[in-house]
Structures are given as C-alpha cells and as structure tokens.
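Note sheet for the following structure.
Below, each value reflects all heavy atoms present in this structure, side chains not excepted, and no hydrogens, waters or symmetry copies.
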Amino acid sequence: MAPSLAVPARRGAAALAAAAVLSAAVAPAAFADASPSPKAGLYGTADPKFDGVFRQSLAFVAQNAVGVRPAKSAVDWLAGQQCADGGFAAYRADVSKACDPQKDEFTDATAAAVQGLVAAGGQGDAVKKGLDWLKARQNADGGWGYQAGSPTDANSTSIAIGAFAAAGQDPAKAAVKDGKNPVDALLAFQLGCDAKEEERGAFSYLKDKDGLRADNLASAAAGLATRGKGFLVDPVKKDADAAVKPLSCEGDDGARPKDATAAAEAVDGYLTAVLDKNGGYLLPSMPGAPAKPDQGNTADAVLALAAGGHRTAAEKPLKWLASKESGTAAWADKSPGKLAKLVLAAHAAGADPRSFGGADLVAQLNATGPAPEAAGAAEEKKDEEKKDDDGGLGTWWVVGVFFVASVGAGFLISGRKKKQQL
C-alpha cells in the first residue's frame with residue numbers, strides 16, 4: 001500500500017495566529033537556519049542541481065492557484081537566481097559568479113521562472129528581463145531550443161509560450177522573429193493524417209532525420225501552449241464539458257490542423273485516446289525509459305484537457321492519480337515540483353487539491369519550503385467557518401489577527417532539464 005499523502009492541515013484560531021508569526025514550524029530543518037545559504041528559501045531538500053529553479057517556479061504557480069502567498073525569502077531566492085542578462089540556470093550554487101550564457105542558461109528554466117515570478121507578484125522587472133532574454137534567443141523559425149542556439153523543440157517552445165501568456169502577452173504578437181512567431185513554430189511539430197492512426201494529433205519533441213515521432217510529454221505541453229496557456233489553468237466549469245474531437249482525416253490525406261485552435265483539439269483527442277487505452281495514465285516517451293506509468297506526464301495531460309474544457313476527459317486521469325494503485329503518494333512525497341503539478345492538475349480539473357485521495361496537497365507543498373506569508377481568501381474563509389462551527393472566537397478576532405499579520409509579516413494576498421527535471 002502506498003504511504004498516505006495526508007498532512008494535517010492548520011486548523012482553528014491558534015493555527016491562524018501561528019501562520020502569521022511562525023516560519024520554522026512546518027519547514028524542513030534545512031530551512032530553519034537563518035544563516036546565509038545558496039539554498040535558503042529553496043523548496044525541497046533534494047539536490048537542486050538540475051531542477052532548483054523549475055521546482056521553485058512550479059511551487060509558486062501552484063500556490064497562487066489556491067490563494068497562498070509564498071514567503072519573501074522563497075521569492076527572493078528565485079529572483080536571486082536570475083543571471084545579469086535576464087536568463088536563468090537550472091540552479092546557481094554561487095549567485096555572485098557570473099553566468100555563462102552558452103553553458104548555464106536554459107530556455108525551460110527561464111520560461112518557468114517567469115511564470116513563477118508572475119505568480120509570486122511584485123517582480124515586474126525580473127519578469128521583463130526574463131521575457132527579453134527569451135526574445136533575444138528566439139530561433140529564426142520563431143521557436144526555442146533548450147539552450148540558446150540549439151534546434152527548436154516542442155517542449156521548450158511550449159513553456160516559453162506559457163511565459164508570455166502568464167505575463168499577459170500574446171506570444172504570437174509579443175515574440176516575433178524575422179516574421180515568424182512561436183505558435184506557428186510549434187504547430188510544425190504536430191503529426192497529421194499521414195501518421196499512424198493512433199499517433200495523429202500528437203506532437204513530436206524534435207524534428208530529426210526520421211521525421212516526427214509522437215511524444216506524450218511534448219503533446220501535453222503543446223496542449224497548453226496551443227491554447228495560449230502556461231502552467232496555471234483556470235478550473236473547468238462544472239456546467240460545461242466540451243466534447244473531445246480527434247483529428248479527422250476523411251478525404252484529407254497528409255493534412256495537419258490548420259491553426260492553433262484545431263491543433264489543440266487534435267492533441268486533446270490524441271491524449272484522451274492514449275489515456276483511455278492505458279486505463280487513465282500516460283507512459284514516458286523517453287527512449288529506454290521503463291514502460292511504467294508516468295505520473296508527471298499524466299498530470300500534465302490533465303492540465304491540457306482541462307484547458308480545453310474537457311471536464312470528463314480530465315477527470316479520468318485525475319482519478320487515477322488520486323488512487324492508491326497509481327503510486328502517486330510515494331512518487332510525490334516531499335517533492336515540491338511533483339506536488340505542485342498535482343495541485344495544478346486538481347485545481348484545473350475542478351477538484352479540491354486540499355482533499356485529493358485523502359491528502360492535503362497544498363499543506364504538503366507548503367511544508368517543503370519556508371512557511372507561506374499568508375493563505376488566500378478561500379483558506380481564510382475555510383478557517384473562519386471552522387471556528388464558527390466550533391463555537392470559537394468571533395469574526396472581529398480574525399480581523400484583528402490578520403491585521404497584525406499584515407503589519408508584522410507583510411500580509412498581502414495576490415490574486416523536461418526536460419524529463420529528468422521532474
């Protein structure tokens with residue numbers, strides 16, 4: 001049996017007050033030390049060499065989705081990882097050392113960091129520098145490779161599109177290189193009617209001498225980008241459930257979807273068919289990877305399907321992720337990036353990430369780093385209702401506590417390295 005994901009949630013008046021004044025109580029020991037450290041403020045205790053920036057960024061986006069504001073030390077850590085030219089490395093152990101643009105800086109890390117900083121709020125200058133870095137390193141076809149100068153790939157291009165979208169910009173207009181835009185570049189990676197029937201609508205990670213090959217990770221990423229979305233997807237409406245429309249090839253041999261909207265529908269059709277075939281999960285696409293369920297990729301697919309308004313299609317893989325049989329509990333245990341993916345997937349599919357297969361994913365995520373500065377409106381209401389039900393102290397006491405928190409703690413509510421990373 002997989003270990004439980006459950007983490008006791010903070011309840012009642014005492015916990016509300018503690019949230020305003022305590023930071024070390026739920027943080028790992030590595031974060032309790034106030035002495036300067038390249039890891040001070042970083043989420044998670046695993047080696048951050050390959051995913052420090054990425055996991056921190058995902059954590060911020062997930063917390064923003066559920067109304068949680070990260071600690072200032074955590075935001076400062078991410079902002080402090082930015083290189084002088086605006087790009088980001090996967091992780092900088094010594095931020096006083098200048099970055100080597102050809103070795104240290106990566107599209108994925110930069111695009112993820114932009115999304116994370118947007119979610120954290122108050123980081124407009126860093127966000128602008130990150131977007132400027134992306135535009136300066138855009139390939140001639142309008143897309144991006146993993147590093148500056150590397151061939152365009154679907155994953156990096158998708159994450160970069162998400163960065164512009166998160167910042168409120170239209171990627172097709174805000175990032176144009178020699179008349180080419182990233183959305184058009186991305187569409188060139190989609191398999192059409194000349195592919196095997198079971199691969200039609202999928203996206204390839206790269207273009208190589210063998211042409212395009214269906215890739216689940218690239219498909220899930222492109223499912224978001226073709227809809228102009230980053231990691232944050234609004235919950236699918238309860239009273240709406242758009243039908244999935246697989247790519248139709250009747251009388252149109254060799255065709256691919258003509259625009260981003262059609263491309264999004266086609267890749268959603270591919271993802272849904274694969275999920276149904278497997279019983280609710282996706283398999284990894286990396287050559288040589290064990291043919292076992294890929295929880296992270298499955299969570300990505302939930303996001304893509306929810307972004308398309310496909311509630312029923314998104315619920316099936318989400319239900320699998322929440323099951324004990326999936327092994328998700330052990331997979332995500334104490335991992336901020338993985339927990340963040342689950343929070344974002346549950347949120348987008350209209351489920352409650354605070355009650356996911358018997359687990360409070362939000363509490364678990366919060367516990368991997370410095371205690372958040374504040375909970376969002378939904379959590380405040382939940383705690384207040386709990387006190388009322390218990391015959392606890394009144395509303396004015398709550399107001400008083402949060403006033404103190406606002407003064408003493410700066411209280412403010414604000415609205416794959418590829419596959420190896422997460």
Side-chain angles (χ1 to χ4, degrees), residues 5 9 57-70 115-116 118-121 158 161-162 165-168 220-245 261 264-265 267-268 271-272 275 280 295-323 328 332 337-366 372 374-383 385 413-415:
L5 277 169
S57 304
L58 275 177
F60 290 175
V61 180
Q63 288 177 320
N64 181 51
V66 294
V68 174
R69 180 174 174 80
Q115 296 187 53
V118 168
S158 293
I161 287 174
L224 287 175
T226 49
R227 295 190 184 278
K229 299 288 185 182
F231 300 134
L232 181 60
V233 175
D234 291 334
V236 64
K237 295 180 180 180
K238 293 182 179 180
D239 58 350
D241 188 10
V244 177
K245 302 175 182 178
T261 300
E265 289 298 331
V267 72
D268 285 351
L271 290 170
T272 300
L275 287 164
Q295 292 90 345
N297 202 175
T298 301
D300 294 339
V302 173
L303 275 177
L305 294 171
H310 306 300
R311 186 180 185 90
T312 298
E315 285 176 344
K316 185 170 184 177
L318 190 69
K319 182 178 180 180
W320 178 84
L321 285 166
S323 70
T328 300
K338 295 173 182 179
L339 288 165
K341 280 196 173 193
L342 294 174
V343 170
L344 289 167
H347 170 78
D352 182 2
R354 293 182 172 87
S355 181
F356 184 78
D360 185 339
L361 298 175
V362 178
Q364 283 195 27
L365 174 58
N366 292 345
E379 192 162 306
E380 294 171 34
K381 182 178 179 181
K382 180 179 179 181
D383 286 334
E385 289 175 348
I413 299 174
S414 67

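A346 meets the side chain to side chain contact (heavy atoms under 4.5 Å, CB included) test with L318, A351, P353, F356; sequence neighbours excluded. Legend: residues meeting side chain to side chain donor-acceptor pair (under 3.5 Å) with S323, ordered by chain and number and at least two apart, are absent. For D300, the side chain to side chain donor-acceptor pair (under 3.5 Å) criterion is met by K341, not counting sequence neighbours.
Between atom CG of residue L342 and atom CG of residue L321 there is a gap of 6.0 Å, rounded to the nearest 0.5 Å.
Applying the salt bridge (charged side-chain N to carboxylate O under 4.0 Å, His left out) test to residues at least two apart or on different chains, the pairs with a partner in residues 301-312 are R311-E315.
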Q) Is there a side chain to side chain contact (heavy atoms under 4.5 Å, CB included) between V244 and L271 once you walk through the steps? A) CA-CA 10 Å; V244 177; L271 290 170; over 6 Å; no
Q: Start with the C-alpha gap between L275 and L305, add the side-chain angles, then the distance that decides, and say whether side chain to side chain contact (heavy atoms under 4.5 Å, CB included) holds.
A: CA-CA 11 Å; L275 287 164; L305 294 171; 3.8 Å; yes
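With contacts defined as side-chain heavy-atom distances shorter than 4.5 Å, the pair L365/V66 does not qualify.
Considering every non-hydrogen atom in both V68 and P70, the closest pair reads O-CD, 3.7 Å. Contact record, A306 with A314: N-CB, 4.1 Å, taken as the closest heavy-atom pair. Closest of all the heavy-atom pairs between A120 and F60 is CB-CD1, 4.0 Å. When all heavy atoms are compared, the tightest approach of A65 to L344 is CB-CD2, 4.1 Å. Between L58 and G337, the closest heavy-atom pair is CD1-O, 3.9 Å. Closest of all the heavy-atom pairs between N297 and A220 is ND2-CB, 3.8 Å.
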Can you give me every donor-acceptor pair (side chain of residues 221-240, partner residue at least two apart or in another chain, under 3.5 Å) with its distance?
from, atom 1, to, atom 2, distance (Å)
T226, OG1, A222, O, 2.7
R227, NH2, E265, OE2, 2.9
R227, NH2, D268, OD2, 3.0

